[in-house]
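Taking it in order: structure first as structure tokens, then the write-up.
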Amino acid sequence: MVPRDAIAKQLAFTLGAIDVPGLGGKYEGKVRDCYTVGDRRVLIASDRLSAFDVVLTTIPFKGRMLTELAAYWFEQTSHIIRNHVLEYPHPNVVITREVEIIPVEVIVRNYLAGSAWRDYEAGRAISGIELPKGMKKAQQLDSPLITPSTKAAKGSHDTPISSDEVVSSGLVEKSLWEEVCAAALQLFTFGSKKAAERGLLLVDTKFEFGVLRSGTGRAELLLADEVLTQDSSRYWIADSYQERFDAGEDPLMLDKEFVRRWLIERGYMGDGTPPTIPDDFRVDVSLRYMDAYEKITGSTFTSEIGSPAAAIAEVLKEVR
Ligand SMILES: Nc1ncnc2c1ncn2[C@@H]1O[C@H](COP(=O)(O)OP(=O)(O)OP(=O)(O)O)[C@@H](O)[C@H]1O
Ligand SMILES: [Mg+2]
């Protein structure tokens with residue numbers, strides 16, 4: 001763990017936007033700056049923090065933690081499905097194969113939390129799935145569910161869509177969607193088992209898949225984007241879960257829900273002007289991410305203090 005005072009020092013060096021002139025076509029995501037270089041994609045993880053699809057601030061070391069955590073999971077899950085990773089030239093950067101991203105966020109849930117709980121509470125189905133009446137917040141589902149969402153254009157929110165609609169609307173061809181769902185469930189089961197070994201519950205997560213076409217036109221499904229990070233997943237502490245659930249208390253969380261809750265308490269859910277994020281809170285968020293990183297991987301997070309921008313620009317000079 002990087003000590004609190006060192007994290008506070010890093011506030012001055014967080015990575016906002018990253019410009020690498022001449023590298024290739026740029027797409028600026030909410031969290032990552034992406035460059036397409038031939039058949040490869042360079043994903044540079046900034047320290048930007050987004051919630052409710054809005055970028056709010058930067059968090060010390062966040063980009064590095066996310067890249068390293070995704071790297072851990074890509075490696076761990078490579079026996080289940082091939083992934084897009086080619087190499088890591090810097091702790092904030094991954095070079096991947098450019099794939100045709102399937103335009104659906106593949107969300108898998110094992111507990112009633114987050115937007116699924118908000119939908120359920122409001123009497124709505126969850127991506128077309130009607131859950132039994134009388135369920136409680138944070139309750140475990142009978143088995144993991146896939147609740148897809150469309151990948152919205154930049155600036156708008158993703159919307160839930162049923163699995164049937166994914167196919168009937170022509171977004172994804174039926175057999176490919178079946179392959180995606182099977183892989184997503186296998187990944188989720190594996191991730192849950194690993195998380196359990198670390199005393200954590202994998203609550204829900206979002207996967208992105210893509211299709212890689214070879215010269216001969218053969219298409220292969222790959223796991224893309226990021227995998228099982230705190231930005232794409234919820235993790236709760238396992239040992240206190242049942243007791244807290246029985247007492248009607250929220251589980252202890254290790255994820256971004258902490259940030260969402262802070263915002264909701266201040267009346268913000270993605271519309272209007274977000275509240276100003278105090279530095280102390282930015283340090284708290286960094287500590288949370290670090291704690292999760294260390295619990296999940298079982299290894300210590302370390303980093304020097306200072307701006308990673310120059311080093312990133314330097315290593316990317318080699319990528320052309
Ligand atoms: N191997 C890949 N090939 C092509 N695109 C990829 C690959 N891996 C990830 N992506 C895309 O790169 C972008 C990563 O950016 P980021 O997650 O920061 O942005 P985002 O705001 O989530 O973007 P979006 O809302 O468009 O998904 C996403 O659009 C993601 O779908
Ligand atoms: Mg994304």
Side-chain angles (χ1 to χ4, degrees), residues 14-20 23-59 62-67 69-71 73-74 77-78 81-89 92-108 114-115 148-161 171-172 180 183-184 187 204-214 219-234 255-256 259-260 270 289 312 319:
T14 56
L15 197 58
I18 311 113
D19 258 316
V20 191
L23 182 56
K26 185 176 180 185
Y27 166 82
E28 201 171 302
K30 284 181 288 282
V31 171
R32 283 161 293 168
D33 287 349
C34 314
Y35 290 87
T36 306
V37 186
D39 57 1
R40 291 168 302 162
R41 168 170 287 234
V42 182
L43 292 170
I44 308 169
S46 73
D47 291 327
R48 299 192 290 269
L49 172 76
S50 81
F52 302 116
D53 293 329
V54 178
V55 175
L56 297 164
T57 183
T58 55
I59 302 297
K62 178 172 174 282
R64 182 176 182 142
M65 291 192 270
L66 287 185
T67 307
L69 185 56
W73 282 116
F74 275 126
T77 57
S78 61
I81 183 171
R82 190 177 167 200
N83 62 58
H84 69 167
V85 174
L86 291 170
E87 58 169 313
Y88 296 95
N92 285 71
V93 183
V94 57
I95 300 178
T96 72
R97 290 175 208 281
E98 175 82 21
V99 296
E100 290 165 33
I101 291 283
I102 292 179
V104 176
E105 314 226 303
V106 186
I107 300 164
V108 188
S115 66
S149 235
T150 58
K151 261 178 80 66
K154 213 172 164 178
S156 44
H157 300 300
D158 301 335
T159 21
I161 181 171
L171 272 177
V172 188
V180 164
L187 288 164
D204 51 43
T205 195
K206 178 207 75 173
F207 299 114
E208 286 189 35
F209 294 88
V211 172
L212 182 68
R213 274 176 220 288
S214 67
E220 189 183 355
L221 186 68
L222 260 63
L223 181 60
D225 204 52
E226 58 184 326
V227 58
L228 296 167
T229 65
Q230 302 101 304
D231 269 13
S232 66
S233 325
R234 281 196 177 79
D255 52 59
K256 227 167 75 174
V259 176
R260 293 189 200 97
Y289 269 76
I312 292 174
V319 183

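Just follow the structure's listing: the first ligand is 1, and inside any ligand the first atom is 1.
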Under 4.0 Å from any heavy atom of [X], which atoms of ligand 1 are there?
| X | result |
| --- | --- |
| Val31 | 18 (O) |
| His84 | 1 (N), 2 (C), 7 (C), 8 (N) |
| Thr96 | 1 (N) |

Considering non-hydrogen atoms only, spot the tightest contact between [X] and [Y] and give its length.
| X | Y | value |
| --- | --- | --- |
| Val31 | Ser46 | O-OG, 2.5 Å |
| Ile81 | Ala183 | CD1-CB, 4.1 Å |
| Ile18 | Lys26 | O-NZ, 3.0 Å |

query: Mind checking whether Cys34 has a heavy atom under 4.0 Å from ligand 1?
result: yes
- request: Return yes if some donor-acceptor pair links the side-chain N/O of Tyr88 with the main-chain N/O of Ile95 below 3.5 Å, else return no.
  value: no
query: Between the side chain of Arg48 and the main-chain N/O of Lys30, is any donor-acceptor distance below 3.5 Å?
result: yes
With nothing but distance in play, are any N or O atoms of [X] less than 3.5 Å from an N or O of ligand 1?
| X | result |
| --- | --- |
| Ala224 | no |
| Val99 | yes |
| Glu98 | no |

statement: Checking heavy atoms under 4.0 Å, the part of Lys151 that sits near ligand 1 is side chain
Region of Glu208 that comes within reach of ligand 1 [heavy atoms, distance under 4.0 Å]: side chain
- request: Evaluate the side chain to side chain donor-acceptor pair (under 3.5 Å) criterion for residues Asp231 and Tyr289: first the C-alpha distance (whole Å), next the side-chain angles of each, then the deciding distance (0.1 Å), finally the verdict.
  value: CA-CA 9 Å; Asp231 269 13; Tyr289 269 76; 2.4 Å; yes
Selected option - heavy-atom contact closest to atom 12 (O) of ligand 1, from Arg41, Glu28, Arg32: Arg41
- prompt: Do Glu208 and Lys151 meet the salt-bridge criterion of a basic N to acidic O distance under 4.0 Å?
  reply: yes
